[in-house]
Trainee: 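This is the structure I have questions about; it appears just below.
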Amino acid sequence: MNIFEDFQARVGAALNDLATAGRLPADLDLSRFVVEPPREAAHGDLSTNAAMVYAREAKAAGGNPRAIAEAIAAALRKTPDVQAVEVAGPGFINIRLAPEIYARVLVAILERGVDYGRASPVAGKVNVEYVSANPTGPMHVGHARGAVFGDALANLLAFAGSEVTREYYVNDAGAQVDVLARSAFLRYREALGEVETIPEGLYPGDYLKPVGEALAAEVGAALRDQPESQWLPLVRSRAIAAMMALIKDDLAALHIVHEVFSSERALTGADGGADQVSAAIEDLRSRGIVYVGRLPPPKGQLPDDWEDREQTLFRSTDFGDDVDRPLIKSDGGYTYFASDIAYHKSKIDRGFLNLIDVWGADHGGYVKRMQAAVAALSGGRARLDVRLCQLVRLMRAGEPVKMSKRSGEFVTLREVVDEVGADPVRFIMLMRKNDAPLDFDLAKVIEQSQDNPVFYVQYAHARARSVLRQARTVFPDLDIAPKGLCGAEFSQLTDDGERGLMRGLAQYPRVVLQAADAHEPHRIAFYAHDLATLFHAHWNRGKDSPHLRFVNEGNASLTNARIGLVTAIALVLNSALTILGVSAPEEMR
């Protein structure tokens, strides 16, 4: 039950009636206005800007926004569930709902349970690619934000009705994996008893020791005296496999599982398969989108590696980019962009026209060219939304945390999860918009206080479940199963605090759809925190005013209604936390 969609339709019907009467144009675009909660609860339950949005059309027909607003208000007053309608200022419309509508909201929550707010399946598939960290070591805490954001976004889109595929792009081609192999080879020699130092430019972390030990156990000393060209393929494949196992294990600690892993190396044909990069370039060339030419020099001081030469270029300027982009390097190898074109072509070929990539903020300059490539590859049918995640600064009691001994360079994701748990990592990463910097304080995220948002929201759920246990003790014959509470007399819930809670619950389906449309899962975290705040505040009022307590020992009927409200709160908090990938505990210790 989405009361906002319901009243969007009611206002739309009133606008159509005005158009029929000649007071507005017949071809009115009804997607332009909104029905939303008013900024102040004192103004009512719903507000719409419909009359203001169509002010120009009203004036063209000889009217004005205020008159249109009064006409809409008059129509709404005749509809069921409306207690009062007021026109404010030049034409804003505030609607106060009859109590019966909130009784139906509670019944809808109790009947649907944690699926309240879940949208019906929609046509089309969505591919969400996230993490995609280079397989050169364990994940660091900076990877956590993109990992959590991408996973929560995938959960949100699935809840909003999309068919979602979670994908990881394995960058297993190029110079960085050769550096990984050379680093692993030194650990192999170390496992054979040789004393090795890790030169600058290689990966010094201890995480490669098990790779070297496994190679020594597998092949003995057979690789030690071979030239690099002979041992490199084997060591590289073993090291990549080990690093991907490590990464998957780190992600599993955050409850993140990808369904598809796509290999860059496979795209290039390096493992004996078809060269999909070359095929993608030829496909674009056949359509006149790839050409041989020269790029103008960059503005300002020329970089040391600048070459004024003919190159194979993609016409990305035809699709909104600032400059055409090279596809072949001077040594004949593919640019990273060429491989990324082939990779995104593979997504489109698999039937995905709605693509979401989650990248680090340092890749912001890469967005336009990739969106241009997707537009070119799909003939404009596919849409790529790139969500950039800003840096995370790891703190402990306000002081920056030093690098990890295990990695040799950075604090690993696993160390953070092992210290504070997956729930605080996920929730705190989602309490800020993805493109805003984030300070993650290890000391604060485990505090059991209202200043710790994850504790505050989880405690609200646990407190709700505690109220239900108390009700079962006081009224053992009371049926407090969700569906058993549907027949409660919710008209008894007349206090402002109770009405505020019901108003908050009614907003959940709207928040879900808006968050999904905007690709902003942090809105769910904000909503959960706001609902928890309303619940804690009302519970605290009951400490001073016994007649407001959820369990009223002298009134089973009132208790039944209030337990229905508390159950609905617990169900919606559980649903929101599940979207975020955070647990909803029954009790807090």
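None of the values given here were measured: they were computed from a predicted structure.
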Trainee: Can you see whether Asn434 engages His519 through a side-chain donor-acceptor pair at a distance of less than 3.5 angstrom?
Mentor: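 Their side chains do not contain a donor-acceptor pair, so the 3.5 Å distance test is not met.
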
Trainee: Answer yes when Glu129 and Lys347 have at least one side-chain N-carboxylate O distance shorter than 4.0 Å, and no when they do not.
Mentor: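 Looking at Glu129 and Lys347, the cut-off is met.
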
Trainee: What distance do Leu580 atom CG and Leu153 atom CG have between them, rounded to the nearest 0.5 Å?
Mentor: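 That separation rounds to 11.5 Å.
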
Trainee: Is any side-chain heavy atom of Met244 less than 4.5 Å from a side-chain heavy atom of Val170?
Mentor: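 Counting from C-beta outward, Met244 and Val170 do come under 4.5 Å.
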
Trainee: Give a yes or no answer on whether the side chain of Arg383 reaches the backbone of Val374 with a donor-acceptor pair at less than 3.5 Å.
Mentor: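 No: the side chain of Arg383 does not pair with the backbone of Val374.
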
Trainee: Where do Tyr116 and Pro509 come nearest, in terms of heavy atoms and distance?
Mentor: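 Looking at all heavy atoms of both residues, the closest pair is OH-CD, 3.3 Å.
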
Trainee: Using the side chain to side chain contact (heavy atoms under 4.5 Å, CB included) rule, take Leu573 and Leu571 through it: C-alpha gap first, then chi angles, then the decisive distance, then the call.
Mentor: CA-CA 6 Å; Leu573 284 174; Leu571 289 167; over 6 Å; no

Trainee: Is it true that the NZ or CZ of Arg387 lies under 6.0 Å from the centre of Trp359's six-membered ring and within 45 degrees of the ring axis?
Mentor: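 Arg387 over Trp359 ring: no.
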
Trainee: For residues Ala147 and Leu251, report the shortest heavy-atom separation together with the two atoms involved.
Mentor: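 Taking Ala147 first and Leu251 second, the nearest heavy atoms are CB-CD2, 4.0 Å.
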
Trainee: Where do His547 and Arg549 land on the side chain to side chain contact (heavy atoms under 4.5 Å, CB included) test, with the steps shown first?
Mentor: CA-CA 6 Å; His547 70 282; Arg549 292 175 183 171; over 6 Å; no

Trainee: Any Lys/Arg nitrogen of Lys483 or Glu111 sitting under 4.0 Å from an Asp/Glu carboxylate oxygen of the other?
Mentor: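 Here Lys483 does not pair with Glu111 in a salt bridge, since their nearest N and O are not under 4.0 Å apart.
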
Trainee: Using the rule given for side-chain hydrogen bond (donor to acceptor under 3.5 Å, both in side chains), can you reason through Asp357 versus His344, listing the C-alpha separation, both sets of side-chain angles and the distance that settles it, and then say yes or no?
Mentor: CA-CA 10 Å; Asp357 288 1; His344 283 77; 2.6 Å; yes

Trainee: Tell me if the CZ atom of Arg469 is crowded by more than 12 foreign heavy atoms within 6.0 Å.
Mentor: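 Result for CZ/Arg469: enclosed.
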
Trainee: Could you report the tightest heavy-atom contact between Leu18 and Ala71, atom names first, then the distance?
Mentor: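 Nearest heavy atoms, Leu18 then Ala71: CD2-CB, 3.7 Å.
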
Trainee: Using a strict 4.0 Å threshold on nitrogen-to-oxygen distance, state whether Lys125 and Glu163 make a salt bridge.
Mentor: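 Salt bridge between Lys125 and Glu163, a charged N being under 4.0 Å from a carboxylate O: no.
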
Trainee: Report the distance from atom CD1 of Ile348 to atom CG of Leu353, rounding to the nearest 0.5 Å.
Mentor: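 Here the rounded value is 7.0 Å.
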
Trainee: Closer than 3.5 angstrom, by distance alone: can the side chain of Glu498 be matched with the main-chain N or O of Thr494 as a donor-acceptor pair?
Mentor: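 Here the side-chain-to-backbone pair exists.
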
Trainee: Indicate whether any N or O donor in one side chain lies under 3.5 Å from an N or O acceptor in the other, for Gln470 and Thr473.
Mentor: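 Checked: Gln470/Thr473 side chains show no N/O donor-acceptor pair below 3.5 Å.
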
Trainee: Could you give the distance from CD1 (Ile569) to NE2 (His538), rounded to the nearest 0.5 Å?
Mentor: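 The distance works out to 8.0 Å.
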
Trainee: Would you call Glu520-Lys433 a salt bridge at under 4.0 Å N-O?
Mentor: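 Salt bridge flag = yes for Lys433 with Glu520.
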
Trainee: Nearest 0.5 Å, please: how far is CD in Glu489 from CG in Leu558?
Mentor: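 Between Leu558 CG and Glu489 CD, I get 10.0 Å after rounding to 0.5 Å.
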
Trainee: Between the side chain of Arg145 and the main-chain N/O of Val392, is any donor-acceptor distance below 3.5 Å?
Mentor: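 Not a single qualifying donor-acceptor pair exists.
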
Trainee: For Thr412 and Val141, what are the C-alpha separation, side-chain angles and deciding distance, and is it a side chain to side chain contact (heavy atoms under 4.5 Å, CB included)?
Mentor: CA-CA 6 Å; Thr412 67; Val141 71; over 6 Å; no

Trainee: As a quick check of understanding, evaluate side chain to side chain contact (heavy atoms under 4.5 Å, CB included) for Leu46 and Leu97, giving each step before the final call.
Mentor: CA-CA 8 Å; Leu46 305 175; Leu97 301 175; 4.0 Å; yes

Trainee: For the residue pair Glu587 / Ser466, report whether a side-chain donor-acceptor contact shorter than 3.5 Å exists.
Mentor: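 Side-chain D/A pair, Ser466 to Glu587: absent.
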
Trainee: Do the side chain of Glu167 and the main chain of Val128 share a donor and acceptor less than 3.5 angstrom apart?
Mentor: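 Checked: no pair found.
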
Trainee: Within this structure, what is the CG-CD distance for the pair Leu30 and Gln8, rounded to the nearest 0.5 Å?
Mentor: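 So the CG of Leu30 and the CD of Gln8 are separated by 8.5 Å.
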
Trainee: Please check this pair: side chain of Arg166 against backbone of Val257, looking for a donor-acceptor N/O pair closer than 3.5 Å.
Mentor: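 Looks like no, no N/O pair under 3.5 Å.
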
Trainee: Consider only side-chain N and O atoms of Ser583 and Asp423, and report whether a donor and an acceptor are under 3.5 Å apart.
Mentor: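 Yes, a side-chain donor-acceptor pair sits under 3.5 Å.
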
Trainee: Judged by atom type as modelled, is there a donor-acceptor pair below 3.5 Å linking the side chain of His522 to the main-chain atoms of Arg432?
Mentor: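 No: the side chain of His522 does not pair with the backbone of Arg432.
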
Trainee: Consider only side-chain N and O atoms of Ser449 and Tyr456, and report whether a donor and an acceptor are under 3.5 Å apart.
Mentor: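 No, no side-chain donor-acceptor pair sits under 3.5 Å.
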
Trainee: In this structure, is the centre-to-centre distance between the rings of His258 and Tyr130 below 6.0 Å?
Mentor: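 Between His258 and Tyr130, which both carry aromatic rings, the centre distance is below 6.0 Å.
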
Trainee: How about CD on Gln83, more than 12 heavy atoms from neighbouring residues, nucleotides or ligands closer than 6.0 Å, or not?
Mentor: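 Enclosed.
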
Trainee: Between the side chain of Arg562 and the main-chain N/O of Leu493, is any donor-acceptor distance below 3.5 Å?
Mentor: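 Absent.
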
Trainee: Quick check: closest heavy atoms across Ala464 and Ala570, and the distance to 0.1 Å?
Mentor: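 So the minimum-distance heavy-atom pair works out to CB-CB, 3.9 Å.
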
Trainee: Could you label the plane-to-plane angle of the Phe455 and Tyr459 rings as parallel, tilted or perpendicular, counting under 30° as parallel and over 60° as perpendicular?
Mentor: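 Answer is parallel, since the angle falls under 30°.
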
Trainee: Using salt bridge (Lys or Arg N to Asp or Glu O under 4.0 Å), reason through Arg414 and Glu419 one step at a time and then give a plain yes or no.
Mentor: CA-CA 8 Å; Arg414 190 57 176 269; Glu419 179 172 340; over 6 Å; no

Trainee: Looking at Ser545 and Gly542, would you say the former's side chain and the latter's main chain have a donor-acceptor pair under 3.5 Å?
Mentor: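 Here the side-chain-to-backbone pair does not exist.
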
Trainee: Phe550 and ring pair (Phe, Tyr, Trp, His ring centres under 6.0 Å): which single residue from Trp539, Phe535, Phe475 fits?
Mentor: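 Going through Trp539, Phe535, Phe475 one by one, the ring pair (Phe, Tyr, Trp, His ring centres under 6.0 Å) with Phe550 is satisfied by Phe535 alone.
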
Trainee: Are the side chain of Gln507 and the backbone of Gly504 linked by a donor-acceptor contact shorter than 3.5 Å?
Mentor: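 Side chain of Gln507 to backbone of Gly504: no pair is present.
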
Trainee: Might you work through the side-chain hydrogen bond (donor to acceptor under 3.5 Å, both in side chains) test for His536 and Arg463, ending with a clear yes or no?
Mentor: CA-CA 9 Å; His536 287 310; Arg463 174 172 272 176; 3.0 Å; yes

Trainee: Test the Arg510-Phe4 pair against the cation-pi criterion, namely NZ or CZ under 6.0 angstrom from the six-membered ring centroid and within 45° of the ring axis.
Mentor: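 So Arg510 does make the cation-pi contact.
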
Trainee: Is it true that Thr559 and Asn555 share a donor-acceptor pair across their side chains at a distance under 3.5 Å?
Mentor: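 Not at all, the side chains of Asn555 and Thr559 share no donor-acceptor pair under 3.5 Å.
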
Trainee: In terms of side-chain geometry, is the basic nitrogen of Asp115 or Arg118 positioned less than 4.0 Å from the acidic oxygen of its partner?
Mentor: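 Salt bridge between Asp115 and Arg118, a charged N being under 4.0 Å from a carboxylate O: yes.
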
Trainee: Measure across Val11 and Ala50 and return the closest heavy-atom pair with its distance rounded to 0.1 Å.
Mentor: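 Distance-wise, the nearest heavy atoms are CG1-CB, 3.7 Å.
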
Trainee: Looking at Asn560 and Ala488, what are the two nearest heavy atoms and their distance?
Mentor: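 It is ND2-CB, 3.8 Å.
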
Trainee: Can you check whether Leu156 reaches Ile524 side chain to side chain, under 4.5 Å on heavy atoms?
Mentor: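 In short, these two side chains touch, coming nearer than 4.5 Å.
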
Trainee: Please collect all side chain to side chain donor-acceptor pair (under 3.5 Å) contacts where either partner lies in residues 37-48, sequence neighbours excluded, each pair once.
Mentor: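 Non-adjacent pairs meeting side chain to side chain donor-acceptor pair (under 3.5 Å): Asp45-Tyr102, Asp45-Arg499, Asp45-Arg503, Ser47-Asn94.
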
Trainee: Would you indicate whether Glu553, at its atom CD, is surrounded by more than 12 heavy atoms from other residues, nucleotides or ligands within a distance under 6.0 Å?
Mentor: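 No, CD of Glu553 has 12 or fewer neighbouring heavy atoms, counting only those of other groups under 6.0 Å.
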
Trainee: Is the positively charged end of Arg10 above the ring of Phe7, judged by distance under 6.0 angstrom from the centroid and angle within 45° of the axis?
Mentor: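 Satisfied, under 6.0 Å and within 45°.
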
Trainee: May I have the step-by-step check of side-chain hydrogen bond (donor to acceptor under 3.5 Å, both in side chains) for Thr578 and Asn574, ending in yes or no?
Mentor: CA-CA 6 Å; Thr578 299; Asn574 189 327; 3.2 Å; yes

Trainee: For Asn2 and Tyr508, what are the C-alpha separation, side-chain angles and deciding distance, and is it a side-chain hydrogen bond (donor to acceptor under 3.5 Å, both in side chains)?
Mentor: CA-CA 8 Å; Asn2 188 332; Tyr508 185 56; over 6 Å; no

Trainee: Whether the side chain of Arg112 engages the backbone of Ile109 through a donor-acceptor N/O pair (distance < 3.5 Å, no angle test) should be reported.
Mentor: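 No, Arg112 side chain to Ile109 backbone: no donor-acceptor pair under 3.5 Å.
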
